[in-house]
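Lettering follows sequence order; numbering is per chain, from 1.
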There are 4 protein chains.
Amino acid sequence: MAKVDNPRAVAGDNSGTEQAATKFAKDALKALVERIERLEDEKSSIAQDIKDVYAEAKGNGYDVKVLRKLIAMRKRDQNELTEEMTILETYAHALGMGVFG
Amino acid sequence: MAKVDNPRAVAGDNSGTEQAATKFAKDALKALVERIERLEDEKSSIAQDIKDVYAEAKGNGYDVKVLRKLIAMRKRDQNELTEEMTILETYAHALGMGVFG
Amino acid sequence: MAKVDNPRAVAGDNSGTEQAATKFAKDALKALVERIERLEDEKSSIAQDIKDVYAEAKGNGYDVKVLRKLIAMRKRDQNELTEEMTILETYAHALGMGVFG
Amino acid sequence: MAKVDNPRAVAGDNSGTEQAATKFAKDALKALVERIERLEDEKSSIAQDIKDVYAEAKGNGYDVKVLRKLIAMRKRDQNELTEEMTILETYAHALGMGVFG
DNA sequence: TACATTTAGTGTCGAC
DNA sequence: GTCGACACTAAATGTA
């Protein structure tokens with residue numbers, strides 16, 4: 001098991017007058033970690049929401065795969081998109097594929 | 001297969017009395033897409049927040065790479081724990097044993 | 001740690017005249033597992049070869065991303081491909097995107 | 001960006017003295033694609049072998065799902081072990097400690 | 001910039 | 001036959 005249950009492991013030194021400072025350091029680290037974990041929870045939650053929306057859309061007859069492609073395309077730079085399609089056609093043509101006419 | 005049970009949902013046909021229905025369908029698609037994009041924006045926003053927190057932590061002298069590892073480990077350990085219980089049960093079942101009996 | 005070092009754990013019963021049979025069962029399981037792991041090693045090895053070829057191609061000026069797309073397209077059923085493109089165009093048109101003309 | 005340092009490699013231009021060079025480029029692309037496809041065939045073949053082994057195991061009364069979990073665990077445990085050592089070292093370093101001391 | 005890790009998407013399998 | 005879960009593959013991100 002790899003979990004670090006004991007923050008003391010981080011401190012390295014609990015002797016003498018360092019105790020208070022060490023405790024502060026431990027608390028700060030703990031707060032930091034928990035702050036990040038809270039944000040990651042939120043992110044996961046929204047990711048789940050997105051999945052739910054797609055599932056609902058599927059129930060309404062939409063083609064989810066195509067929806068995803070569509071949204072991905074809307075995100076991408078137009079120039080890049082057309083350029084990529086161009087080179088894809090070029091390659092396809094070089095191989096004698098007729099997909100793009 | 002790119003299935004569409006109800007092609008009318010996104011049909012380009014605007015003739016006759018279909019106009020209103022088509023418009024509704026278009027609006028529905030538009031609303032759906034924008035809803036997803038809004039959620040993805042939120043997700044990206046939170047991802048950005050996380051990056052900011054890491055950057056701030058780095059400014060405070062934390063080792064970001066180590067932080068990431070730590071958090072990943074904390075996340076994974078829970079999964080491992082539950083997975084280990086799962087496989088134990090599963091394994092017991094596969095051998096025809098009663099629940100841990 | 002989740003590793004099952006001791007196959008005896010699988011047996012559940014080593015008493016009496018069951019010992020020999022249990023040993024056979026253990027050996028059979030061990031052989032099975034190792035057989036699968038050997039095959040997975042081979043698979044990983046070839047996967048690595050493929051990565052190497054792509055890297056080499058990249059060094060020769062090929063666009064790896066496009067190459068992957070191209071090869072993926074060659075694998076897919078033509079009817080499915082064109083149908084998916086059709087519906088994608090339909091959706092895109094409904095949203096007023098001009099990508100496909 | 002779909003970069004192509006050497007567009008000549010796949011150019012469709014067949015005019016003048018470029019013909020021979022173009023043909024070479026086409027052949028090179030074709031050879032490359034087929035080489036990758038051959039490797040992918042091998043990979044698929046082995047993947048199929050693995051599936052067959054699992055199917056055979058299932059026929060012999062093994063619980064395939066459990067088998068998969070077992071094998072995944074065996075693979076992961078090695079990684080975890082080494083990862084745990086890595087993070088320990090990393091962590092020690094982040095705290096300014098000498099190597100484990 | 002190239003590499004490695006992590007995350008999303010796609011295809012496959014088993015259950016109902 | 002459809003639905004949902006799992007595993008695998010491919011893309012994106014972050015780091016050195």
Side-chain angles (χ1 to χ4, degrees), chain A residues 36 40 43-44 46-52 54-55 58-59 61 63-73 75-76 80 84, chain B residues 1-3 5 36 39-40 43-44 46-48 50-55 57-58 63-69 71-73 75-76 79 83 86-87 90, chain C residues 36 39-40 43-44 46-48 50-52 54-56 58-59 63-73 75-77 80-81 84, chain D residues 1-3 5 36 39-40 43-44 46-48 50-52 54-55 57-58 63-73 75-76 79-80 82-83 86-87 90:
Chain A
I36 293 169
E40 288 191 342
K43 189 154 76 88
S44 299
I46 293 180
Q48 186 57 47
D49 289 346
I50 293 174
K51 286 180 69 174
D52 292 345
Y54 275 116
K58 182 178 184 176
D63 185 314
V64 171
K65 188 177 170 183
V66 173
L67 269 180
R68 287 185 185 277
K69 270 193 174 27
L70 190 68
I71 287 171
M73 282 170 60
K75 256 199 295 219
R76 295 185 55 184
E80 202 180 323
E84 186 174 309
Chain B
M1 203 266 280
K3 170 177 156 195
D5 285 337
I36 293 169
L39 286 169
E40 289 191 341
K43 189 155 75 89
S44 299
I46 294 179
Q48 186 58 48
I50 293 174
K51 286 176 68 174
D52 291 345
V53 173
Y54 275 117
K58 183 176 185 176
D63 184 317
V64 172
K65 186 178 175 183
V66 171
L67 270 181
R68 286 185 186 278
K69 274 192 193 297
I71 288 171
M73 281 168 62
K75 188 164 38 177
R76 195 154 40 63
N79 296 337
E83 184 193 349
T86 299
I87 186 153
T90 310
Chain C
I36 293 170
L39 286 169
E40 288 192 341
K43 189 156 77 88
S44 300
I46 294 179
Q48 185 58 50
I50 293 174
K51 286 181 68 175
D52 291 346
Y54 275 117
E56 180 191 333
K58 184 177 186 177
D63 186 312
V64 170
K65 188 176 173 186
V66 173
L67 269 181
R68 285 185 185 278
K69 270 191 171 32
L70 190 69
I71 288 171
M73 283 171 61
K75 260 199 294 220
R76 294 185 56 184
D77 176 66
E80 201 181 323
L81 191 65
E84 187 174 306
Chain D
M1 204 264 281
K3 169 175 155 195
D5 286 335
I36 293 169
L39 286 169
E40 288 192 341
K43 189 155 73 89
S44 299
I46 294 179
Q48 185 59 47
I50 293 173
K51 287 175 68 174
D52 291 346
Y54 275 116
K58 183 177 186 177
D63 184 316
V64 171
K65 189 177 174 184
V66 172
L67 269 181
R68 286 187 185 277
K69 275 192 193 295
L70 266 177
I71 288 170
M73 282 168 62
K75 188 163 39 177
R76 195 154 40 65
N79 297 337
E80 271 178 57
T82 55
E83 185 192 349
T86 299
I87 185 152
T90 308

**Fill in**
Under a 4.0 Å heavy-atom criterion, the protein footprint on nucleotides 8-16 of chain F, written with B, S and -, is SS-S--SSS
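- When the C1' atom of E:dA8 is taken as reference, atom CD of A:Q48 falls 13 Å away, rounded to whole Å.
- With contacts defined as side-chain heavy-atom distances shorter than 4.5 Å, the pair D:R76/B:E83 qualifies.
- To the nearest 0.5 Å, the span separating CD1 on B:I87 from CE on D:M73 amounts to 4.5 Å.
- With sequence neighbours left out, the side-chain hydrogen bond (donor to acceptor under 3.5 Å, both in side chains) criterion links B:Q48 to B:D52.
- Heavy-atom distances to DNA chain E give each of A:Y54 and D:E83 a nearest nucleotide, and the one nearer the 5′ end belongs to D:E83.
- A:K69 pairs by the side-chain hydrogen bond (donor to acceptor under 3.5 Å, both in side chains) definition with C:E84, not counting sequence neighbours.
- Qualifying side-chain contact (heavy atoms from CB on, under 4.5 Å) partners for C:E56, counting only residues two or more places apart in sequence or in other chains: C:N60, D:R35.
- Straight-line distance from the CD1 atom of C:I36 to the P atom of F:dA7: 13 Å, rounded to whole Å.
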**Dot-bracket pairing map - DNA chain F, Watson-Crick plus G-U, both contacts under 3.5 Å, | cross-strand** = ||||||||||||||||
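- Across the protein-nucleic acid pair, D:I87 atom CD1 and E:dT5 atom P stand 13 Å apart, rounded to whole Å.
- Partners of D:T90 according to the side-chain contact (heavy atoms from CB on, under 4.5 Å) rule, which considers only residues two or more places apart in sequence or in another chain, are B:V66, D:T86.
- Inter-residue side-chain proximity for B:E40 and B:I36 is flagged as met; some heavy-atom pair is nearer than 4.5 Å.
- B:K65 pairs by the salt bridge (Lys or Arg N to Asp or Glu O under 4.0 Å) definition with nothing, not counting sequence neighbours.
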